[in-house]
Amino acid sequence: MIKRAAAGVWDFLVGDDWLLAVGSIVVLLVTWAFASLTGSWVIVLLGVPLVLLVSVRRATRRR
Amino acid sequence: MKDFLLFGSSFAASLVEMVEALTIVLAVGVTKGWKTALTGVLAAVLVLLVIVVAFGPLLSKMPLPLLRVIIGALLLVFGLQWLRKSILRASGFKALHDEDQIFADEVAALGGVRPTATIDKAGVAVAFKGVLLEGLEVAFIVVTFGATQHKVGLAAVGALAALLLVVVVGLVVHRPLARVPENSLKMVVGVMLTSFGIFWAGEGVGVRWPGTDAFLLVIIAFIAATTAALIAWLRPQARVAA
């Protein structure tokens, strides 16, 4: 039962591609590391669509 | 402006999830009887209430920067999932959501149309699971969206408006709401969740947005344009693959 619940939570939060979740967290960590610099917002603004692009590309290549 | 976006996003997200839940409830009601379907719905609503009441107040006790990072990251991951799915559907790499087909599949899985006056356990379980899973997504969006702006009430009103609309239309038409443009709605909500996620998580990790709150509109426009560009790029490839 615990295993099934954990699988449900994983599916709810991570969904079809773990790369989206991990990639988003990595982008946020990198942004946090450079947050004191002017223009650090560019990292998160460009990083997130990049993660989406890679994830979508992975999905289309699998088909 | 932010209030309008909050209400609209909550309404659209809830509408999509409730249309999906309605399809399952209708399938159970038609095959196993309405007493069975409503028992499953009631049980799921009670569990959802317990979850919201248990976790909702925890969020309000967190310091705002930490709350923004956690909720921003969750919204980001959640929004990107919705966007990915709707991009793949809109470009033709994934089949569009078809409520009529889902309804037919559920009816077949439940063993055909055989309504009874007694409560059917399997039917209750199907209705319960359907409403709980779709309802969890609604609760998650309403609580997280509302909490970061300290306006859970407004987000809940958006969700309630969607619930009312789906229940009323469901009662009138008495069949799956196949005409609701689910993929388009899912895409709009995906853009909103991702944009709010970028904005709040960014603020949480220490980013200073140019023009402060007004920059949210730039983020929304940028994510929407990226989504449109990805679909335009993938469509010809899907046609070749088909």
Side-chain angles (χ1 to χ4, degrees), chain A, chain B residues 68-70 72-88 90-94 129 132-133 136-137 140 190-191 194-195 197-211 215 218-219 222-227 229-231 233-235 237-238 240-242:
Chain A
M1 190 176 162
I2 293 169
K3 235 181 181 178
R4 277 176 66 188
V9 172
W10 173 267
D11 192 48
F12 183 71
L13 292 176
V14 177
D16 295 334
D17 190 6
W18 59 269
L19 190 106
L20 276 181
V22 175
S24 305
I25 303 303
V26 169
V27 168
L28 287 177
L29 284 173
V30 174
T31 311
W32 172 69
F34 293 99
S36 57
L37 300 178
T38 314
S40 59
W41 54 271
V42 175
I43 302 170
V44 66
L45 191 63
L46 296 182
V48 170
L50 184 69
V51 170
L52 179 64
L53 170 72
V54 174
S55 174
V56 167
R57 196 78 194 113
R58 268 159 56 92
T60 56
R61 282 204 174 137
R62 265 188 236 135
R63 286 177 170 87
Chain B
R68 285 193 165 152
V69 173
I70 293 172
L74 284 171
L75 282 178
L76 193 55
V77 172
F78 214 63
L80 283 173
Q81 277 183 49
W82 280 40
L83 259 189
R84 177 182 182 274
K85 209 175 270 178
S86 56
I87 287 169
L88 291 173
S91 59
F93 274 101
K94 202 174 165 106
K129 200 175 159 193
L132 184 69
L133 290 180
L136 264 180
E137 293 199 38
F140 173 80
V191 168
T194 305
S195 304
I198 290 173
F199 187 79
W200 282 323
E203 270 195 350
V205 295
V207 163
R208 286 190 187 172
W209 296 109
F215 201 74
V218 177
I219 299 174
F222 183 67
I223 297 298
T226 305
T227 304
L230 277 173
I231 294 168
W233 176 56
L234 289 173
R235 248 186 206 151
Q237 297 177 37
V240 172

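These values consider heavy atoms only, across backbone and side chains, with no hydrogens, waters or symmetry-generated copies. Letters A, B, ... are given to chains in the order of the sequence lines, protein chains preceding strands, and every chain is numbered from 1. Only a predicted model underlies this, so the values are computations on that prediction, with no experimental measurement involved.
Here the shortest heavy-atom pairing between A/Trp41 and B/Arg208 reads CD1-O, 3.8 Å. Minimum heavy-atom separation, A/Leu45 to B/Phe222: O-CE2, 3.3 Å.
If you measure heavy-atom distances from B/Phe140 to chain A, the contacts under 4.5 Å come from the side chain alone. Only the side chain of B/Leu230 comes within contact range of chain A, judged by heavy atoms closer than 4.5 Å. With a 4.5 Å cut-off on non-hydrogen atoms, B/Leu234 touches chain A through its side chain but not through its backbone. Proximity to chain A (any heavy atom under 4.5 Å) is restricted, for B/Thr194, to the side chain, taken from C-beta onward.
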Show me the donor-acceptor pairs, under 3.5 Å and distance only, between side chains in residues 24-40 of chain A and residues at least two apart or in other chains.
| unit_1 | atom_1 | unit_2 | atom_2 | d |
| --- | --- | --- | --- | --- |
| A/Ser24 | OG | A/Leu20 | O | 2.5 |
| A/Thr31 | OG1 | A/Val27 | O | 2.6 |
| A/Ser40 | OG | A/Ala35 | O | 3.4 |
| A/Ser40 | OG | A/Leu37 | O | 3.4 |

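With chain A as the partner, the residue from B/Gly202, B/Ala201, B/Pro210 showing the most heavy-atom pairs under 4.5 Å is B/Pro210. Top candidate by heavy-atom pairs under 4.5 Å with chain B, chosen from A/Leu52, A/Ile43, A/Leu53, is A/Leu52.
Between A/Pro49 and the choices B/Leu83, B/Thr227, B/Thr226, B/Leu80, the side-chain contact (heavy atoms from CB on, under 4.5 Å) rule is met once, by B/Thr226.
Looking only at side-chain heavy atoms (C-beta outward), B/Trp233 and A/Thr60 stay at 4.5 Å or farther from each other.
For A/Ser55, the side-chain hydrogen bond (donor to acceptor under 3.5 Å, both in side chains) partners are A/Asp17, B/Arg84, not counting sequence neighbours.
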